[in-house]
Amino acid sequence: MLRKAFDATDAEGLCRAINSLLEAGTSRAYLSTHDGLQPHLHWAPEEEDVVARVKAVTAGGLALFSVESAGKRIGACARQGCETVFVDTSRNGKRSYCSAKCGNYDAVQRHRQGAPASNSAFRTATPGAHIQRLTA
């Protein structure tokens, strides 16, 4: 159900997906100042079990983030087979992949699909062994 928000292709689809999450996960939002804390939002009563509260906070946080980012800074990885979703923190807001690793892998695959078959003597023993592994 959460994935639908990240897969949305337009603002209406994003709103529908997040509204479904809010409906399923929250009873009502309210402000609280318990334990000497500054006023802050609660998305579910404190008596709820931890799973219910995590669902509510996730739905509420996603809704707030979508409002602040105009619904444009969440997405799903563009690499075929990758199921990872992400929040786009890039400067230009045009991120397509969950990590540099997926972006590099996808670029290599596109290159290999477009390149003619090469002499096998130049191939590495392990496919992808020549690719530098990057961490996000």
Side-chain angles (χ1 to χ4, degrees):
M1 201 165 163
L2 183 62
R3 176 74 189 219
K4 289 179 184 178
F6 289 87
D7 285 338
T9 58
D10 60 16
E12 288 181 24
L14 178 67
C15 289
R16 262 192 315 277
I18 293 176
N19 282 334
S20 292
L21 291 169
L22 288 167
E23 186 177 332
T26 64
S27 53
R28 65 177 178 88
Y30 63 94
L31 285 172
S32 179
T33 58
H34 63 84
D35 300 326
L37 297 171
Q38 295 294 318
H40 58 278
L41 277 171
H42 278 260
W43 296 95
E46 292 179 48
E47 307 81 50
E48 290 282 345
D49 65 59
V50 70
V51 173
R53 288 185 291 148
V54 168
K55 284 181 180 180
V57 168
T58 301
L62 192 54
L64 288 174
F65 182 80
S66 295
V67 168
E68 293 298 318
S69 67
K72 296 182 179 168
R73 292 229 173 213
I74 64 171
C77 188
R79 184 176 70 85
Q80 187 175 7
C82 182
E83 296 295 318
T84 304
V85 295
F86 59 86
V87 172
D88 185 353
T89 58
S90 67
R91 267 188 191 193
N92 66 3
K94 305 240 186 246
R95 186 170 161 185
S96 297
Y97 299 97
C98 66
S99 66
K101 180 180 176 182
C102 272
N104 289 339
Y105 178 87
D106 205 34
V108 168
Q109 291 304 107
R110 286 192 314 271
H111 173 74
R112 287 181 180 166
Q113 288 172 354
S118 63
N119 186 334
S120 61
F122 292 104
R123 293 184 184 246
T124 58
T126 306
H130 63 284
I131 301 171
Q132 180 181 4
R133 301 293 180 206
L134 301 176
T135 57

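Both Phe65 and Leu22 are members of a single hydrophobic cluster when ILVMFWY side chains are connected at heavy-atom separations under 4.5 Å. In this structure, Val57 is a member of the same hydrophobic cluster as Leu31, with clusters built from ILVMFWY side-chain heavy atoms closer than 4.5 Å. Residues Val54 and Leu21 are members of separate hydrophobic clusters, defined by side-chain heavy-atom contacts under 4.5 angstrom among Ile, Leu, Val, Met, Phe, Trp and Tyr.
For Glu83 and Arg3, the salt-bridge test passes: some basic side-chain N is under 4.0 Å from an acidic carboxylate O.
Residues passing the side chain to side chain contact (heavy atoms under 4.5 Å, CB included) test with Leu64, sequence neighbours excluded: Leu41, Trp43.
Closest heavy-atom contact between Ala56 and Gly25: CB-O, 3.0 Å. In plain terms, the two heavy atoms of Ile18 and Ala63 that are nearest each other are CG2-CB, 3.7 Å. The two atoms that bring Ala5 and Leu14 nearest to each other are O-CD1, 3.4 Å, heavy atoms only. Taking every heavy atom of both residues into account, Tyr105 and Arg79 meet most closely at CD2-CD, 3.1 Å. In this structure, Phe86 and Phe6 approach most closely via the heavy-atom pair O-CE2, 3.5 Å.
The OG atom of Ser69 sits 7.0 Å away from the CD1 atom of Ile74 when rounded to the nearest 0.5 Å. With rounding to the nearest 0.5 angstrom, the SG atom of Cys82 is 9.5 Å from the NZ atom of Lys101. Summarising the geometry, atom CG belonging to Asp10 is positioned 6.5 Å from atom CZ belonging to Arg16; distances are rounded to the nearest 0.5 Å.
Taking the six-membered ring for Trp and thresholds of 30 and 60 degrees, Tyr30 and His42 have nearly parallel ring planes, at less than 30 degrees apart.
Side-chain N or O atoms of Arg95 include one that pairs as donor or acceptor with a backbone N or O of Cys98 at under 3.5 Å.
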**Asked** What's the verdict on side-chain contact (heavy atoms from CB on, under 4.5 Å) for Val85 and Leu2, showing C-alpha distance, side-chain angles and the deciding distance?
**Response** CA-CA 10 Å; Val85 295; Leu2 183 62; over 6 Å; no
**Request:** Mind running side-chain contact (heavy atoms from CB on, under 4.5 Å) on Val50 and Arg53 for me, showing each step along the way?
**Result:** CA-CA 5 Å; Val50 70; Arg53 288 185 291 148; 4.0 Å; yes
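For Glu23, the CD atom is loosely surrounded, since the number of other residues' heavy atoms within 6.0 Å does not exceed 12.
Sequence neighbours left out, the pairs with a member in residues 84-94 that pass side-chain hydrogen bond (donor to acceptor under 3.5 Å, both in side chains) are Asp88-Ser90, Ser90-Asn92.
Between His34 and Glu46 there is a side-chain heavy-atom pair separated by less than 4.5 Å.
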